[in-house]
Amino acid sequence: SHDDMEIILRAAMAAPSANNRQPWHFIVVDDREKMKKITEIHPYSSMLNTASACIVVLGETPDEGGSAYWVQDCAAATENMLLAIANLGLGGVWLGVHPRQEREQGLREIFNIGDDLTPLCVVAVGVPDEHKGKIDRFNAERVYKNSM
């Protein structure tokens, strides 16, 4: 719904960002034709055939005075979106775009994105077909205290 999408985007924009630059921009897509075009340029995006919508996450390309941390900032915003999506009982999938030039270029063409923004990823949003339960990926062998 419109209200759910606003909750998701508010969560994204609540993410931390280097020097509070907030380099993120978002394209909310519910146009079936455009979502279909994404599946033609992104090999792992078949869920967009049935997803309710998707969100293209874009970052401002740094200029000489800009932050080189746009990737981290937009990744934090994306993770916040995924947490909000899960909290709403919806399903979300992060589809990586940057640094794959062919995917970036494909999205630029579909959405008429200028050179001042770079597509980082696409997030599929919808009602999940299945609930996989909690995933525990904790690995104590990857945790160190005070040094390696």
Please round to the nearest 0.5 Å and tell me the distance separating atom [atom1] of [X] and atom [atom2] of [Y].
| X | Y | atom1 | atom2 | value |
| --- | --- | --- | --- | --- |
| K37 | S45 | NZ | OG | 14.0 Å |
| Q22 | C74 | CD | SG | 11.0 Å |
| I38 | I110 | CD1 | CD1 | 5.5 Å |
| T50 | R32 | OG1 | CZ | 7.5 Å |
| M47 | T39 | CE | OG1 | 10.5 Å |
| L120 | R103 | CG | CZ | 12.0 Å |

Any side-chain heavy-atom pair of [X] and [Y] under 4.5 Å:
| X | Y | value |
| --- | --- | --- |
| L107 | V122 | yes |
| L90 | V127 | yes |
| V143 | F138 | yes |
| H98 | E104 | yes |
| L48 | L95 | yes |

Donor-acceptor under 3.5 Å ([X] side chain, [Y] main chain):
| X | Y | answer |
| --- | --- | --- |
| H42 | G96 | yes |
| D73 | W24 | no |
| D31 | E33 | yes |
| N80 | A11 | yes |

Cluster check [X], [Y]: I/L/V/M/F/W/Y, side chain < 4.5 angstrom:
| X | Y | value |
| --- | --- | --- |
| L9 | L88 | yes |
| I41 | V93 | yes |
| V57 | I85 | yes |
| L58 | F26 | no |
| V97 | V123 | no |

Taking all heavy atoms of [X] and all of [Y], pick out the closest pair and write down the distance.
| X | Y | result |
| --- | --- | --- |
| Q72 | A68 | OE1-O, 4.1 Å |
| C54 | A124 | CB-CA, 4.1 Å |
| A15 | A76 | CB-C, 3.7 Å |
| M81 | A12 | CG-CB, 3.2 Å |

Is the number of heavy atoms from other residues, nucleotides or ligands within 6.0 Å of [atom1] ([X]) greater than 12?
| X | atom1 | value |
| --- | --- | --- |
| R142 | CZ | no |
| N19 | CG | no |
| Y69 | OH | no |

Between T118 and R108, is the side-chain contact (heavy atoms from CB on, under 4.5 Å) condition met? List the steps. CA-CA 8 Å; T118 300; R108 286 183 189 287; 3.7 Å; yes
Got a sec, which residues hit side-chain contact (heavy atoms from CB on, under 4.5 Å) with E79, two or more places apart in sequence or on another chain?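 Partners of E79 by the side-chain contact (heavy atoms from CB on, under 4.5 Å) criterion, ordered by chain and then number, come out as L82, L83, W94.
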